[in-house]
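Everything on this sheet refers to the single structure shown next.
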Amino acid sequence: MSARPPVVRIAPSPTGDPHVGTAYIALFNLCVARKGGGRFILRIEDTDRTRYDASSEAKIFEALRWLGLRYDEGPDVGGPNGPYRQSERTPLYREMTETLLAKGAAYRCFCTEERLEELRATQRAMKLPPGYDGFCRHLTPDEVRAKVAAGVPHVVRMSVPKEGSTTFHDDLRGDVTFENKTIDDQVLLKSDGFPTYHLANVVDDHAMGVTWVIRAEEWITSTPKHVLLYRAFGWEAPRWTHMPLLRNADRSKISKRKNPTSLIWYRDQGFLPEGLLNFLGLMGYGHPEGKEKFTFDELVATFDIGRLSTTGPVFDLEKLKWLNGEWIRSLTDDDLAARVVAHVERRAQAPTPEDAANPVMRRVLATGADDAFRALVRRTTPLVRERIRTLEEYASIAACFFHDTLPTYPAEDLVAKKRTPAETRDALARVRAALDAAPSWRAAELEAALRALAEATGWKPGDLFTPVRTAVTGAKVSPPLFETMEILGRATTLARLDAALPRLG
RNA sequence: GCGCCCAUCGUCCAGCCCGGUCCAGGACGUCAGCCUUUCAAGCUGAAAACACGGGUUCGAAUCCCGUUGGGCGUACCA
C-alpha cells in the first residue's frame, strides 16, 4: 500500500432516516482518514429518483454532526471535488459513458422491461442463474444507430468478458475471485439518464481521488464489476475493505422492522453521541487492551485495520444501554444536567401523546426550560445519575420532583412491611411531627430525626422509610429519600405526608 | 438454484496470521452474595463457547479439506 494519505468516503443515499449502518461505516472511514492524515468525504448518492426523499439529506448531515463524525468535504461544507451530490454530476456520467461506449466496454441496450421480466421468468423456470442474456450486445452499429435515431428508450450496459475471472484483494478477507461468467452485464446508465450506483461510484471515487473504499460487506459481490470498470477506464483501483454487516438478533442484516436503525431515534431516546459511537466502535473491532469504554480519539490512536473482524456483529441494545450509562456516569453534574435540559427541550419541539403524561415534559411545555427548571434539573442530577442509562430515563426517575400533586398511587404501597395500615398511619403521623419539628431542612438532619424516631418506636429504619418514600415520591422506587425531601422542601414534603395519612384509614 | 462471505460463552470482543504457556480470557446479560433507606451504582462469585467430521502434527481453538449452519448478492436500489 502506498504511503500517501488515504482519501476515504461514505456515500449514503437520501432515503428515509439516517441509518445506524451509515454511522458505523463512517466511523471506521474516519478512523482511517485521521490515522493516516488523510481526508474523509461525504457524497450523497441520490441517483434513484424513485426513492429520493428530500428531507433525508439534511437529516444525514444532522445525524453525522450530532455524532461528531466530521467530514472534510461534502455537500454542506464544500470542498475541491464538488459537487457532492450525484444528481448534480450527471454530465460527467454521460461523458464517461461515452468513453466506455467508444472503448467497446459498454453497449446500448434497448430491451424493454417486459422482455427482461420474461427473460427472468424463463431463467427461473429453467433453474438458470438470472442475468441479462446479451441480446443487445450483438446489435450491429447500424441497428444501434437506427434505434437511437428513432428515439427508442435505452440503457447502457457494461460489456463483461465472459471468459476468465476477476480477482480483487480485500484487506480483511484476502483475494476474492469471481468467474466472469457469473458477472452480469450491469446497467450503468438508466433510461432516465441517471447512472446506477456502479458507474457513479467508480467515476466519482476516481474523480474525487478516493484511494481506499471502506464499505459494507453487501458490496462484495459487485466489487468485480467495479474492478472491471476501473480497468476499462484505465484507472488505478482503490484499496478495498469490506466491513461486516450489523445484524439483528436473528443474524439477518440489521433492519428497521427488527431493530431501531434510525440515528435520530437513538438521539431522541437519549443516547449520548459518545456512547453510540463507542458502541459502534465495539462492533467488529477489538481494542488491543481489551478496553470497552473509549473515546473516538482513543480509538484512532490504537486503530489498526487488521484488528477488524469479519463476522457480522449482532446489535445488542442492552449492551448499548449499559455503555451509555457508563458515559452518563462519567459526565460532570453540570454537563449531565445541561444535556438533560437540551434533550427535554428538543423533545418538547415535537411532543408525542405520551409526553403529556410526563411531568418533566409537561413542565417544559408549559413554562419552557426557564431558569427554575434548569436549576431543578441541576439539583436533581446528582441523585439520579447512577440510576439512568439514557437521558430519557431522567424523566421517569425524577418525576417526583416535577409533580405539583402526586398522581394517585396504590394505598397498599404505603403500608410498611409486616405492619397494619393503622400502625403505619400512626408511625407516619409521628414522622410528620418529627419532620415538622426539624430546625432546618437538610437531608442529614432529616435522616437523623427519622432514625431517632425509628429507634424510639422500635421500627427498623428501612421499614419506617418505606411508607415515607411512597408518601413523598408516590413510588416504591425513588432517588435517595432524604436528599429528595430536602430538594422538595418542607411544605411540599409535609403536604404529601398529609395527603397520604387519610389513605391509611 | 447459483456466486461470494462468515463460523470461540445467549450477545460483543481477545486468542488464530507466527500450532504447545487455553481443561480458552474480558465485557453485556443472567443467577447468587456483599453493601444498603427503595431502586440503581459499586464489589465478590457462579453458570455459560472453540459448529461437526476427516487430515497434517509428538501436540490444533489455532494449519488443510469436507460437511453443516448463517449471511449477503443475484434490479433501469443503493
Side-chain angles (χ1 to χ4, degrees), chain A residues 11-15 45-48 50-51 109 111 113 116 120 123-124 126-132 153-157 170 172-174 176-179 181-184 186-198 200-201 215-224 242 244-245 247 249-253 279 282-293 306-307 309-323 325-326 329 384-389 397 447 450-451 454 460-466 468-470 473 475-482 484:
Chain A
S13 46
T15 52
E45 307 236 338
D46 56 350
T47 57
D48 182 357
T50 61
R51 293 204 309 163
C109 171
C111 291
E113 193 58 54
L116 259 20
R120 276 190 282 264
Q123 287 164 334
R124 255 198 312 276
M126 295 176 68
K127 290 180 184 280
L128 288 168
Y132 185 63
H154 64 278
V155 302
V156 174
R157 288 180 182 275
D170 181 276
L172 268 20
R173 302 152 210 271
V176 181
T177 300
F178 289 78
E179 291 300 320
K181 61 172 179 286
T182 66
I183 305 173
D184 201 10
Q186 255 310 321
V187 169
L188 298 177
L189 198 68
K190 306 180 228 180
S191 54
D192 64 1
F194 278 86
T196 59
Y197 171 84
H198 307 287
N201 123 82
R215 74 219 313 186
E217 185 181 18
E218 55 190 334
W219 294 107
I220 289 179
T221 19
S222 35
T223 304
H242 290 93
L245 241 21
R247 312 292 188 96
D250 65 4
R251 297 217 167 265
S252 54
K253 171 164 93 170
F279 181 68
L282 245 26
M283 302 278 91
Y285 185 74
H287 185 104
E289 290 161 35
K291 282 179 73 173
E292 302 267 333
K293 178 167 176 280
R307 291 193 68 84
S309 98
T310 45
T311 42
V314 171
F315 192 98
D316 181 6
L317 207 50
E318 276 308 308
K319 186 156 186 176
L320 202 213
K321 284 181 183 170
W322 163 76
L323 226 206
E326 291 285 311
R329 268 172 259 122
V384 305
R385 57 180 303 137
E386 246 120 55
R387 296 171 169 76
I388 59 176
R389 296 184 299 176
I397 190 72
E447 176 170 4
L450 293 204
R451 282 189 187 279
K460 285 167 72 176
D463 290 347
L464 181 61
F465 299 161
T466 298
V468 180
R469 181 186 309 283
T470 301
T473 69
K476 287 156 79 172
V477 172
S478 80
L481 182 57
F482 304 104
T484 297

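Proteins come first, then strands; the chains are lettered A, B, ... in the order of their sequence lines, and each starts at number 1. In what follows, every heavy atom counts, from backbone to side chain, and hydrogens, waters and symmetry copies are set aside.
Among the nucleotides B:C5, B:C28, B:C6, the one closest to the side chain of A:T311 is B:C6. Taking only side-chain atoms of A:R329, from C-beta outward, the nucleotide of B:A41, B:G29, B:G15 with the closest atom is B:A41. When distances are taken from the side chain of A:R387 to each of B:C28, B:C5, B:C39, the shortest belongs to B:C39. For A:V176, taking side-chain heavy atoms from C-beta onward, the closest of the listed nucleotides B:A78, B:C4, B:G71 is B:C4. Nearest to the side-chain atoms of A:E318 among the listed nucleotides B:C28, B:U74, B:C76 stands B:C28. Of the candidate nucleotides B:C77, B:U38, B:C12, B:C77 has the atom nearest to the side chain of A:R51. Each of B:A78, B:A75, B:A14 was ranked by its minimum atom distance to the side chain of A:R120; first place goes to B:A75. Out of B:C76, B:A27, B:C4, the shortest distance to the side chain of A:S191 is found at B:C76. Among the nucleotides B:C5, B:G1, B:G3, the one closest to the side chain of A:P129 is B:G1.
Between B:G26 and B:C9, the distance separating the two C1' atoms is 12 Å to the nearest Å.
Judged by Watson-Crick or G-U wobble contacts below 3.5 Å, the nucleotide B:A51 has B:U67 as its partner. Base-pair partner of B:C28: B:G10 (Watson-Crick or G-U wobble, both distances under 3.5 Å). Taking a pair to require two hydrogen-bonding distances under 3.5 Å in either a Watson-Crick or a G-U wobble arrangement, B:C43 pairs with B:G33. As the counterpart of B:G3, B:C72 is assigned, both hydrogen-bonding distances of the Watson-Crick or G-U wobble pattern falling under 3.5 Å. Nucleotide B:U57 is matched to nothing when pairs are restricted to Watson-Crick or G-U wobble geometry with both distances under 3.5 angstrom. Pairing of B:U62, defined by two Watson-Crick or G-U wobble distances under 3.5 Å, is not identified with any nucleotide.
Put simply, A:T47 has a side-chain N or O that comes within less than 4.0 Å of OP1 or OP2 on B:A78. Taking only side-chain nitrogens and oxygens, A:K253 never comes nearer than 4.0 Å to OP1 or OP2 of B:G70. In terms of phosphate contacts, A:K460 brings no side-chain nitrogen or oxygen within less than 4.0 Å of OP1 or OP2 of B:U36. For A:R385 and B:C39, the shortest distance from a side-chain N or O to OP1 or OP2 is not below 4.0 Å. For B:G1, neither phosphate oxygen OP1 nor OP2 lies less than 4.0 angstrom from any side-chain nitrogen or oxygen of A:R124. At the phosphate of B:C12, OP1 or OP2 sits under 4.0 Å from a side-chain N or O atom of A:R251.
The pair A:D316-A:K319 fails the salt-bridge criterion, with no side-chain N (NZ, NE, NH1 or NH2) lying under 4.0 Å from an Asp/Glu carboxylate O.
Using a 30° and 60° split on the angle between ring planes, A:W219 and A:Y197 fall in the parallel class, below 30°.
Under a 3.5 Å cut-off, the side chain of A:R251 and the backbone N or O of A:G312 do form a donor-acceptor pair. Side-chain atoms of A:T473 come within 3.5 Å of backbone N or O of A:A475 as a donor-acceptor pair.
Of the residues near RNA chain B, A:L172 and A:I397, the one whose nearest nucleotide (by heavy atom distance) lies more toward the 5' end is A:L172.
Between A:E45 atom CD and B:A75 atom P the separation is 19 Å, expressed in whole Å.
Across A:H242 and A:L172, no two heavy atoms sit closer than the pair O-CD2, 3.6 Å.
Inter-residue side-chain proximity for A:V155 and A:C109 is flagged as met; some heavy-atom pair is nearer than 4.5 Å.
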